[in-house]
J.: 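Here it is, the structure, as structure tokens.
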Amino acid sequence: MQVKTTITGGKITAITWVQLPSDGHSQRINSYAAPALVQEALQAQSANVDAVSGATYTSAGFQQSLQSALTKAGFNA
């Protein structure tokens with residue numbers, strides 16, 4: 001899993017999924033979990049977000065990828 005972030009004016013303004021698992025089961029889970037995680041992270045301005053119920057793997061991958069992207073960008077929440 002991989003996400004790309006856009007930081008403007010010291011705020012996270014966009015988070016885009018670059019890579020997600022593509023098997024059928026993962027696609028069903030990601031269809032609801034991926035947008036929910038992005039929305040929560042944008043509101044929190046942090047990778048420290050709650051896991052989506054039933055999407056533990058996606059949630060953990062999102063948090064790890066987002067934190068890595070934010071660290072590389074020098075963003076401190």
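Values below: all heavy atoms of this structure, side chains included; hydrogens, waters and symmetry mates excluded. Predicted model, so just to flag it, every value in this text is computed and none were measured.
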J.: Any side-chain heavy-atom pair from Pro21 and Asn30 closer than 4.5 angstrom?
T.: yes
J.: Under 3.5 Å, side chain of Glu40 to main-chain N/O of Leu37, donor-acceptor pair present?
T.: no
J.: Which atom names give the shortest non-hydrogen contact between Asn48 and Ser46, and what distance separates them?
T.: N-OG, 2.9 Å
J.: Does atom OH of Tyr57 have more than 12 heavy-atom neighbours, drawn from other residues, nucleotides or ligands, at distances under 6.0 Å?
T.: no
J.: Sub-3.5 Å donor-acceptor pair from the side chain of Ser68 to the main-chain atoms of Gln64, do we have one?
T.: no
J.: First locate atom CD of Gln67, then atom CZ of Phe75, and finally report the distance between them rounded to the nearest 0.5 Å.
T.: 9.5 Å
J.: Roughly how far, to the nearest 0.5 Å, is the CG atom of Leu42 from the NZ atom of Lys11?
T.: 11.0 Å
J.: Check Thr5, Thr8, Thr6 against Thr13 for a side-chain hydrogen bond (donor to acceptor under 3.5 Å, both in side chains) and give me the one that passes.
T.: Thr8
J.: Quick one: does Trp17's side chain get under 4.5 Å of Lys4's, heavy atoms only?
T.: no
J.: So, Gln63 and Ser59: side-chain donor and acceptor under 3.5 Å apart, yes or no?
T.: no
J.: Evaluate the side-chain contact (heavy atoms from CB on, under 4.5 Å) criterion for residues Leu70 and Ile7: first the C-alpha distance (whole Å), next the side-chain angles of each, then the deciding distance (0.1 Å), finally the verdict.
T.: CA-CA 9 Å; Leu70 294 175; Ile7 299 171; 4.0 Å; yes
J.: Please report the interatomic distance CD1(Ile15) to OG(Ser65), rounded to the nearest 0.5 Å.
T.: 10.0 Å
J.: What I'd like to find out is whether the side chain of Val52 reaches to under 4.5 Å of the side chain of Thr58, using heavy atoms alone.
T.: no
J.: Find the distance between CG (Leu20) and CD1 (Ile29) and round it off to the nearest 0.5 Å.
T.: 11.5 Å
J.: Counting only heavy atoms not in Gln27 (residues, nucleotides, ligands), do more than 12 fall under 6.0 Å from its CD?
T.: yes
